[in-house]
Amino acid sequence: MRIRYFRNTKGGLQAKARVYDNTEHNIDPSLVDRDASAIVKRLVSHGFTAYIVGGAVRDLLLGKRPKDFDIVTDALPNRIRKIFSNSRIIGRRFKLVHIYANHKIFEVSTFRSLSTGTIGNEYGTIDEDVQRRDFTINALYYDPLTFELLDFLGGLEDLRANRLKAIIPLEKIFREDPVRMIRGVKYAAVNNFSFSFALRFAIHRDAALLKEVSSSRLAEEFYKIIASGKSAIILQWLDRYKLLQYFLPEVSNSLRRSKDFKDTFFQHLESLDALARTPEDASLLNNASAAEIVQTDRRLISPFVAWFVRQRLRDFARREDVPKEPPAFRQAAFADIREFLAPLNLPRVALEEAMEWVLQEDSLMPAPPPPKRRKRSPRRKKSKQRAEAASMSADAKPD
């Protein structure tokens, strides 16, 4: 292990980051996406610094193949856009670049500054960028060209100790961005990380702030959860930490109202997770990342959502007050799953596909009521009698 230093205001050397080589961090280079490495290499060839960062590094250190590879650099978005013709700039205030390669999306961001706080939109240096991240396990920077890992805040030690540690002070980490609570609980659930008492207290204290988060941001977290292969355990932990009642209120209410619903609901999530964990290229659920779902084809979420709403649709179909005509039944069922997933505003076409798949797979469509027998009017009877009399008279005529 080496130490990277910088000179402080007094001119003295001060430790900046620990630098681990591949014999110390044990990341398997074969798990690193070739296109992600190629993006880093191209940025470096143009004179910039670039690293793989965030959840991808965390997964690599745990011996997992990441679905998403986020990249961070000192190049500004407009410059990145000029280097990569297969890219586009997204975002209004803090711009990011999405680079498209082999049907995958790689998100490239510029180092962020601390000059406007931990949620500001100014560009900065790597030293500032690391302080903007939520937890130490997400503040690790991996160079796929030199195979070096930069650790500014002891994130590698926390990861190996199964410890979730916040970077931003607990008085403001969740008040600045409540979605960090969902992410923290998700990381802990998936990897069985421990929380400090202070961190647990901060989550309980600020849980209600999730009500103020936009539905689009909550939907993005929902996509990541149901595509993770660990949706059952994540939902259980969100429920345990009292976040589910603000994230998905009707789901939380349904779990509270019925133990049978709760047991079956989590069984369906476990079936979904089993599909998401199948070998690579064997399942759509295994290959779709949240960025691909949001940016390319939102209909990709329909098989995920089908498992998520399956028990809700089953219970709906058993109700005595549901319409029996198929069009009215479908309309009422769609409204019910909208309520179940509120406040998320998921794409209508994806929800309709998910609903239809469950209705057909589980044979939930009600049998339509028998058609009402229509009474024949007297006029029709007289017309029929006249026709019969005419036919008889025609038959009576001689040839």
For this session: Go through the structure and list residues passing side chain to side chain contact (heavy atoms under 4.5 Å, CB included) with Asp260, not counting sequence neighbours.
Result: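 For Asp260, the residues satisfying side chain to side chain contact (heavy atoms under 4.5 Å, CB included) (neighbours in sequence not counted) are Ser258.
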
Problem set entry | Pairing residues for Asn78 by the side chain to side chain contact (heavy atoms under 4.5 Å, CB included) criterion, not counting sequence neighbours |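 For Asn78, the residues satisfying side chain to side chain contact (heavy atoms under 4.5 Å, CB included) (neighbours in sequence not counted) are Ile89.
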
Any chance [atom1] of [X] has more than 12 other-residue heavy atoms, nucleotides or ligands included, within less than 6.0 Å?
X      : atom1 : result
Lys262 : NZ    : no
Arg34  : CZ    : no
Gln331 : CD    : no

Side-chain donor/acceptor of [X] to backbone N/O of [Y], under 3.5 Å:
X      : Y      : result
Asp151 : Leu156 : yes
Lys67  : Lys224 : no
Ser271 : Gln267 : yes
Asn102 : Lys104 : no
Asp33  : Asp35  : yes
Gln360 : Trp357 : no
Thr73  : Thr49  : yes
Asp143 : Leu145 : yes
Arg132 : Ser113 : yes
Ser252 : Leu248 : no

For this session: Show your working on side-chain hydrogen bond (donor to acceptor under 3.5 Å, both in side chains) between Tyr123 and Asp74 and close with a plain yes or no.
Result: CA-CA 8 Å; Tyr123 302 119; Asp74 55 351; over 6 Å; no

Does a side-chain heavy-atom distance below 4.5 Å link [X] with [Y]?
X      : Y      : answer
Ile90  : Val97  : no
Ser215 : Leu344 : no
Val179 : Arg183 : yes
Tyr141 : Leu149 : no
Asn162 : Asn191 : no
Ser109 : Asp70  : no
Leu341 : Leu346 : yes
Val305 : Leu351 : yes

Heavy-atom pair of closest approach, residues [X] and [Y]:
X      : Y      : result
Met181 : Ile203 : SD-O, 3.7 Å
Ile83  : Phe48  : CD1-CE1, 3.9 Å
Ile167 : Val130 : CD1-O, 3.8 Å
Asp134 : Ile173 : O-CD1, 3.7 Å
Lys64  : Leu31  : O-CD1, 3.8 Å
Arg257 : Arg312 : NH2-NH1, 4.0 Å

Problem set entry | Glu353 and Ser302 side chains, donor-acceptor separation under 3.5 Å |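 Short answer, yes.
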
Exercise. Hey, are Asp315 and Gln311 close enough side-chain-wise for a donor-acceptor pair under 3.5 Å?
Worked result: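 On atom types as modelled, these side chains qualify, holding a pair under 3.5 Å.
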
Residues two or more places apart in sequence or in another chain: which of them pass ring pair (Phe, Tyr, Trp, His ring centres under 6.0 Å) with [X]?
X      : answer
Phe222 : Phe308
Phe261 : Phe265
Phe266 : none
His25  : Tyr142

[Y]/[X] salt bridge by N-O under 4.0 Å criterion:
X      : Y      : result
Arg217 : Asp177 : yes
Glu157 : Arg18  : yes
Asp273 : Lys230 : no
Lys186 : Glu221 : yes
Arg256 : Asp239 : yes
Arg330 : Glu352 : no
Asp59  : Arg65  : no

Problem set entry | Cluster link Leu62 to Leu140, ILVMFWY, side chain under 4.5 Å |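 Yes, same cluster.
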
Exercise. Is there a path of hydrophobic side-chain contacts, each under 4.5 Å between heavy atoms of I, L, V, M, F, W or Y residues, that connects Leu164 with Phe201?
Worked result: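 They do not share one cluster, since no chain of ILVMFWY contacts under 4.5 Å joins Leu164 to Phe201.
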
Do [X]'s NZ or CZ and the ring of [Y] fall within the cation-pi criteria of under 6.0 Å and 45°?
X      : Y      : result
Arg42  : Phe84  : yes
Arg58  : Tyr187 : yes
Arg133 : Phe152 : no

For this session: For the pair Phe174 and Phe135, name the ring-plane relationship: parallel under 30°, tilted 30 to 60°, perpendicular over 60°.
Result: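 It falls in the tilted class, 30° to 60°.
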
For this session: Hey, can you tell me if Phe69 and Phe106 have their rings parallel, tilted or perpendicular (30° and 60° cut-offs)?
Result: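 Tilted.
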
Exercise. Would Arg88 and Tyr100 satisfy side-chain hydrogen bond (donor to acceptor under 3.5 Å, both in side chains), going step by step from the backbone distance to the final call?
Worked result: CA-CA 9 Å; Arg88 69 170 182 149; Tyr100 301 83; 2.9 Å; yes

Problem set entry | Validation row, ring centre Tyr223 to ring centre Phe304 under 6.0 Å |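 Ring centroids of Tyr223 and Phe304 are no less than 6.0 Å from each other.
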
For this session: Would you please test Phe316 and Phe329 for ring pair (Phe, Tyr, Trp, His ring centres under 6.0 Å) and show each step?
Result: CA-CA 10 Å; Phe316 176 83; Phe329 177 86; 5.6 Å; yes

Problem set entry | Working for side-chain contact (heavy atoms from CB on, under 4.5 Å), residues Glu128 and Arg112 | CA-CA 6 Å; Glu128 295 175 294; Arg112 295 169 295 177; over 6 Å; no

